[in-house]
Amino acid sequence: QVQLVESGGGLVQAGGSLMLSCAASGRTFSTYAMAWVRQAPGKEREFVAAISRSGNTYYADSVKGRFTISRDNAKNTVLLQMNSLNPEDTAVYYCAARRGIVVVTTHDFDYWGQGTQVTVSS
């Protein structure tokens, strides 16, 4: 069993930055591919970024060049650095874990966090 706890969300002005953090429990963190998925009010969940067990990264076109995903296996943590935020980035951001290979999707994950709200004002 893996528990994921996100933090770092909040209110920021357009053009600003936030760093989201996801802390994972357990001793097998390095065996999981990790991802961030977001959901805006009234919209479907949207893939944001993913990182494989070996550190390969994948991004949605909408965040490429602005967001950076990273992981620290020693600290059981995955980070999402978000720069140049705009109001369209407003959503609840979820951390997700998947055993084995990384996937670029909004589903097919084994564990989910509770989410953290990111609000970008114009």
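Excluded from the calculations below are hydrogen atoms, water molecules and symmetry mates; all remaining heavy atoms, backbone and side chain alike, are included. This is a predicted model, so every value here is computed, not measured.
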Between Leu79 and Met19 the two heavy atoms that sit nearest each other are CD1-SD, 4.0 Å
With sequence neighbours left out, the residues meeting side chain to side chain contact (heavy atoms under 4.5 Å, CB included) with Ser84 are Arg66
Separation between CG (Asp89) and CD (Glu46), nearest 0.5 Å, reads 8.5 Å
OG (Ser21) and CD (Gln81) are apart, to the nearest 0.5 Å, by 11.5 Å
Show the numbers, then the answer: is there a side chain to side chain contact (heavy atoms under 4.5 Å, CB included) between Asn76 and Arg27?
CA-CA 8 Å; Asn76 283 14; Arg27 293 178 289 181; over 6 Å; no
Glu44 (side chain) donor-acceptor with Gln39 (main chain) under 3.5 angstrom: no
key: Any donor-acceptor N/O pair, Thr28 side chain to Thr31 backbone, under 3.5 Å   = no
>> Can you confirm if the NZ or CZ of Arg38 lies within 45° of the ring axis of Tyr94 and under 6.0 Å from the centre of its six-membered ring?
In response: no
Output for pair (Thr116 OG1, Glu6 CD), nearest 0.5 Å, gives 7.0 Å
| field | Close side-chain approach of Val102 and Tyr58, heavy atoms under 4.5 Å | value | yes
The side chain to side chain donor-acceptor pair (under 3.5 Å) partners of Asp72 (sequence neighbours excluded) come to none
Here the pair of heavy atoms bringing Thr90 nearest to Gln117 is CG2-NE2, 4.0 Å
Correct closest heavy-atom pair for Pro87 and Ser121 would be CG-C, 4.4 Å
Quick note, disulfide bond (SG atoms under 2.5 Å apart) partners involving residues 45-122, not counting sequence neighbours, are Cys22-Cys95
Q. Counting only N and O atoms by type, is there a donor-acceptor contact under 3.5 Å from the side chain of Asn83 to the main-chain atoms of Gly16?
A. no
Contacts of Glu88 meeting side chain to side chain donor-acceptor pair (under 3.5 Å) (sequence neighbours excluded), chain-then-number -> none
Apart from Tyr59 itself, members of its ILVMFWY cluster (side-chain separation under 4.5 Å) are Val2, Leu4, Val12, Leu18, Leu20, Phe29, Tyr32, Met34, Trp36, Val48, Ile51, Val63, Phe67, Ile69, Val78, Leu80, Met82, Leu85, Tyr93, Tyr111, Val118, Val120
Side chain to side chain donor-acceptor pair (under 3.5 Å) filter on Lys64, not counting sequence neighbours, yields Asp61
Using side-chain heavy atoms (C-beta onward) and a distance below 4.5 Å, is Val103 in contact with Arg98? yes
